[in-house]
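Working notes for the structure below.
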Amino acid sequence: MNNMPAIKPHQIRILQTLLGKRFKDREARLHFVCSFIGRELPSTKNLTENEFFAIAEHLGYHFEMHAYFNIENKQHLKLLSLCHELGWRNTTNPKYADIKRLGKWFCSSKNPFKKSLQNLTPNEVGKVNNIFQKMNEQRYEKESH
């Protein structure tokens, strides 16, 4: 099939919560998921990460809640600045970082801590900022070649 990362346990929990609100049983949930992605699956655990994001977004999941930041926290402000440098800008107001995209990152397999921004320790936020700094450096390296 494809080489997309498989859905992770924290993503499965999000999906089960969303689907559980709408469908009474496992078969109905699985039928919806298979219809939505256009292929048969034995379980939602077989979804790719991209499929998870598409379904969760369709069902109205608010990824932004994983990127709630404290305006008084200098590390959080640094992360927002790094998002802005990466080009992760709010489409309606480009002056601001794209909090939904950042929230999706916190829900993705790329987040080594599998926690929301507000639940990270200062040391962990520092590591996330280092990851974003490296992403920026790689972006600039690509653009200069």
Side-chain angles (χ1 to χ4, degrees), residues 1-71 73 75-121 123-143:
M1 194 189 86
N2 58 23
N3 58 355
M4 274 303 305
I7 189 171
K8 303 290 184 237
H10 69 284
Q11 296 165 332
I12 293 168
R13 283 191 298 277
I14 290 169
L15 200 54
Q16 294 301 355
T17 300
L18 290 169
L19 294 170
K21 292 176 182 173
R22 290 163 179 81
F23 303 100
K24 298 268 185 251
D25 59 34
R26 181 186 185 281
E27 282 70 33
R29 290 190 290 271
L30 194 55
H31 176 75
F32 166 78
V33 167
C34 292
S35 297
F36 187 87
I37 63 166
R39 66 184 176 99
E40 289 300 311
L41 297 173
S43 165
T44 54
K45 292 176 180 142
N46 299 93
L47 287 167
T48 67
E49 194 166 77
N50 279 353
E51 290 167 338
F52 156 73
F53 282 119
I55 294 167
E57 200 159 344
H58 176 76
L59 295 174
Y61 191 69
H62 297 285
F63 290 101
E64 299 88 342
M65 73 178 138
H66 295 278
Y68 286 156
F69 61 93
N70 178 350
I71 195 126
N73 183 319
Q75 287 183 301
H76 289 195
L77 295 177
K78 173 69 177 170
L79 179 57
L80 293 177
S81 170
L82 290 166
C83 287
H84 209 270
E85 284 178 43
L86 268 174
W88 292 15
R89 295 186 178 101
N90 183 309
T91 51
T92 53
N93 192 343
K95 183 170 97 174
Y96 296 106
D98 186 344
I99 300 302
K100 184 175 188 174
R101 186 168 180 183
L102 181 59
K104 281 184 167 182
W105 185 88
F106 275 102
C107 287
S108 78
S109 58
K110 295 175 181 125
N111 175 1
F113 304 108
K114 309 299 178 246
K115 296 193 277 186
S116 300
L117 176 58
Q118 62 271 29
N119 295 325
L120 296 178
T121 66
N123 186 38
E124 290 168 338
V125 177
K127 289 180 181 175
V128 167
N129 283 346
N130 287 339
I131 291 168
F132 274 73
Q133 185 66 49
K134 284 188 176 82
M135 287 167 44
N136 267 313
E137 289 166 8
Q138 290 168 347
R139 179 175 173 239
Y140 290 121
E141 285 172 15
K142 284 180 187 170
E143 288 177 1

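Only heavy atoms go into these numbers, but all of them, side chains included; no hydrogens, no water, no symmetry mates.
- Outside the 6.0 Å centre-distance limit, the rings of F63 and F106 are not counted as a close aromatic pair.
- Nearest heavy-atom pair, E51 versus N46, reported as atom, atom and distance to 0.1 Å: OE1-O, 4.5 Å.
- Classification of E64 and R101 as a salt-bridged pair fails, no side-chain N sitting under 4.0 Å from a carboxylate O.
- Side-chain N or O atoms of R22 include one that pairs as donor or acceptor with a backbone N or O of L59 at under 3.5 Å.
- One finds the CD1 atom of I55 at 7.0 Å from the CG atom of L19 (value rounded to the nearest 0.5 Å).
- Taking the six-membered ring wherever Trp is involved, the centroid distance between the rings of Y61 and H66 falls below 6.0 Å.
- Using a cut-off of 4.0 Å between Lys/Arg side-chain N and Asp/Glu carboxylate O, E49 and K8 are scored as not salt-bridged.
- For an aromatic pair to be called close, the ring centres must be under 6.0 Å apart, and W105 with F132 satisfies this.
- For the pair L102/L80, a side-chain contact is recorded, criterion being any heavy-atom separation below 4.5 Å from C-beta on.
- Salt bridge status for K104 with E57: present, with a side-chain N to carboxylate O gap under 4.0 Å.
- Between the CZ atom in R89 and the NZ atom in K95 there is a gap of 13.5 Å [rounded to 0.5 Å].
- Q11 CD to R13 CZ: the interatomic distance, rounded to the nearest 0.5 Å, is 10.0 Å.
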